[in-house]
2 protein chains.
Amino acid sequence: MVVHEMTAQECRELLARTNLARLACAANNQPYVVPIHVDFHRDHLYGFATEGLKIEWMRRNPLVCLEVDDFSSQTHWASVVVFGRYEELPPVPEYEDLRRVADELFQKHPMWWQPASVPLPGHEQRPSIVYRIRIDRMTGRRSSDEPVKTPPIKETPPEEMQPGWLTRVLRRLS
Amino acid sequence: MVVHEMTAQECRELLARTNLARLACAANNQPYVVPIHVDFHRDHLYGFATEGLKIEWMRRNPLVCLEVDDFSSQTHWASVVVFGRYEELPPVPEYEDLRRVADELFQKHPMWWQPASVPLPGHEQRPSIVYRIRIDRMTGRRSSDEPVKTPPIKETPPEEMQPGWLTRVLRRLS
């Protein structure tokens with residue numbers, strides 16, 4: 001297995017075909033990571049949540065990191081890491097256009113938001129939040145099937161692999 | 001779909017059957033999240049890496065967060081979030097016993113460490129690091145198939161569902 005750096009285009013392709021991401025935020029240098037569903041659109045990842053720890057922390061510190069991957073197997077995988085910035089899209093006229101963009105993206109996956117919005121038994125439904133992450137920088141790595149290139153072996157090959165070996169064996173047998 | 005808080009035992013079971021985790025660390029309040037392979041053993045998660053950004057950051061700030069999940073589908077999933085502390089296990093006599101524990105765990109998955117240890121083309125093989133994360137606290141959520149419980153309907157049921165409906169129908173037919 002060989003590991004390659006992914007090009008920017010390959011990173012974008014993975015973001016476009018995957019909606020499941022792991023979002024890391026941090027407060028007082030304590031990181032926190034959770035799975036979320038996002039939609040990639042023009043250098044932003046759009047998401048939906050109910051109020052909770054991650055929203056509270058991202059409001060305090062908008063620096064975030066997301067990881068999106070495709071682990072078909074331990075030898076066939078790709079992983080993209082995004083560094084970005086949290087931006088909330090509140091229901092006010094200023095954000096109307098962006099909320100419409102988000103809404104259109106979310107409509108493509110009618111079920112996707114349920115894990116974020118279904119309350120735990122005994123809990124009230126909490127206010128829902130629409131947000132996006134501006135992608136500042138991203139890097140990706142992927143595996144490939146190419147064999148690992150090793151330097152050519154300098155040792156003398158065994159006798160049976162050297163030219164004329166069959167002639168020499170027959171001569172000994174005769 | 002109903003979402004449940006997982007018990008401590010359910011969280012441990014998920015950690016025990018999954019080796020793929022997402023590890024978040026942070027430096028100067030900038031989070032960083034990457035996929036890693038870990039082995040769960042007695043309140044610790046054991047891992048292996050080559051020197052790089054995450055090791056550098058965890059040496060500076062040992063507070064970490066890991067997420068382990070099982071997304072069979074968007075309606076059947078479980079996710080455990082672990083808050084913990086990074087501890088390096090260097091190759092010195094003091095850590096010999098713990099490195100042996102780690103080594104035995106790693107032997108169960110002969111391929112698992114490859115993504116972390118295969119150098120990118122043109123890069124030198126970097127020193128390998130064995131570490132563990134002490135689990136300080138964890139929480140988990142899972143979905144279940146149970147229908148969402150709604151309050152009982154107070155309306156009068158349709159005639160055919162009220163007691164004595166068959167008698168009444170037969171009386172009409174006779």
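Within every chain, numbering begins at 1; the chains are lettered A, B, ... in the order of the sequence lines, protein sequences first and strands thereafter.
Put simply, A:Leu63 and A:Ile55 are part of two different groups of oily side chains (I, L, V, M, F, W, Y) that touch within less than 4.5 Å, one to the next. Side-chain heavy atoms closer than 4.5 Å link hydrophobic residues (I, L, V, M, F, W, Y) into clusters, and following such links, possibly through other members, connects A:Val82 to A:Tyr131. If you chain together hydrophobic residues whose side chains sit under 4.5 Å apart, B:Met138 and A:Val33 never meet in one group.
Between the B:Asn29 side chain and the A:Asn61 main chain, no donor and acceptor come within less than 3.5 Å of each other.
Between B:Ala26 and A:Ala26 the shortest heavy-atom distance is CB-CB, 4.1 Å. Closest approach of A:Tyr32 to B:Cys65, counting heavy atoms only: CA-SG, 3.6 Å.
B:Leu23 CG to A:Glu67 CD: the interatomic distance, rounded to the nearest 0.5 Å, is 10.5 Å. Atoms CG and CG, on B:Leu20 and A:Asp69 in that order, are 7.0 Å from each other to the nearest 0.5 Å.
Proximity to chain A is limited to the side chain of B:Val81, based on heavy atoms less than 4.5 angstrom apart. For B:Leu66, the part lying under 4.5 angstrom from a heavy atom of chain A is the backbone only. B:Ser79 touches chain A through its side chain: at least one heavy atom from C-beta onward sits under 4.5 Å away, while N, CA, C and O do not.
Between chain B and the residues A:Ala27, A:Ser143, A:Pro35, the largest count of heavy-atom pairs under 4.5 Å involves A:Pro35.
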